[in-house]
Amino acid sequence: MYKMYDDSFRARYNLAPVAISTNDTFGTTPNHIHREIEMLYIVSGSSKIFIADKVFTAHGGDLFFVNPMEVHSIVVNKRGGEYKHHCICFDASLIADKSLSQHLTDGSLSIENHFPLGQPLTDELIKHFLTLFYAVKMGSKTLVFDATICVCQILRNLVKENKIIKNCLPEKKAAFSKRVIDYLNEHYHEDISSKSVATDLFYTQSYFCRAFKLNFGIPFSAYLNMYRILSAKEKLKDKNKKIIDIALECGFNNPTYFTRCFTKSVGISPLKYQKSQYSSEIM
């Protein structure tokens, strides 16, 4: 079970733990991870969607789900016409079935990632997606109820159509993933590397690096940095904490390197991000 909760989306939370965004540019969304469940609706144009070790070609009308802590990124196709997507991120606490919520959070269950245009289930899911999206956008006074209803309708359809799957990885692969995540939960703030983690978990470094890339889709060092950035975002809620102290607490021994990594990942410096948590600025 994950012990570190990333609440970086809370700056966009209002009456319910749900946030929305829209992208209509040809930019690239770099690799990132978060604890929320993400829904991505491609309104128009096309893009490449990278989720863990899978790559999807996305077109207008497609819907995607990203499960908690799945590494994902987007590369927009500049030749695919005018591009636009809507995004909803919501906390699993909105799911009425708390057992299902827990299993999606701890990774023992996953929602299928891709729901293509033209399928009846996709149409039904998009209907609830848009209802929730505009409820958040309009600042509905009943948002907490609207969000709960929409999320439950979405999950109901996914369960009904068997689109929530048990992560029946081969036992060896599943054990590897769990051991690595448990280790990161306990040691991400320490001076660790692929070599030291491999040694502590009784793997050779070459095997560990290959297995990690196969399981998580990116090298260990890249995932570790993203994991540490998530922790930093949480700690930046405290306006009394110094940036240098947060860097050290999250495993960055070089504050300059921490600032560079954070800025590249989030788009603004740690100091600006910290200040934004206590202003009307929306992240």
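This structure is a prediction, so every number in the text was calculated from the model and none was measured.
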Would you call the rings of Phe115 and Phe65 parallel, tilted or perpendicular if under 30° counts as parallel and over 60° as perpendicular? perpendicular

Among Leu158, Ile165, Ile154, whose side chain to side chain contact (heavy atoms under 4.5 Å, CB included) with Ile111 holds? Leu158

Are there over 12 heavy-atom neighbours, none belonging to Tyr257, within less than 6.0 Å of that residue's OH? no

Do Ile126 and Val159 belong to the same hydrophobic cluster, where Ile, Leu, Val, Met, Phe, Trp and Tyr are linked whenever their side-chain heavy atoms lie under 4.5 Å apart, directly or via other members? yes

Should the pair His86 and Tyr41 be assigned to parallel (<30°), tilted (30 to 60°) or perpendicular (>60°) ring geometry? tilted

A quick test of your reading: do over 12 heavy atoms of other residues, nucleotides or ligands sit less than 6.0 Å from NZ of Lys241? yes

Ring geometry between Tyr273 and Phe262 (parallel below 30°, tilted from 30 to 60°, perpendicular above 60°): perpendicular

To the nearest 0.5 Å, what is the distance between SG (Cys152) and CD1 (Ile95)? 7.5 Å

Going by ring pair (Phe, Tyr, Trp, His ring centres under 6.0 Å), Phe220 matches just one of Tyr183, Tyr203, Phe212. Which one? Phe212

Between His32 and His34, what is the ring plane arrangement, given parallel below 30°, perpendicular above 60°, and tilted in between? tilted

Exceeds 12 heavy-atom contacts within 6.0 angstrom, atom CG of Leu201: yes

Does atom NZ (Lys141) have a neighbourhood of more than 12 heavy atoms from anything else shown, all under 6.0 Å? no

Can you establish whether the number of heavy atoms outside Lys48 located under 6.0 Å from its atom NZ is more than 12? no

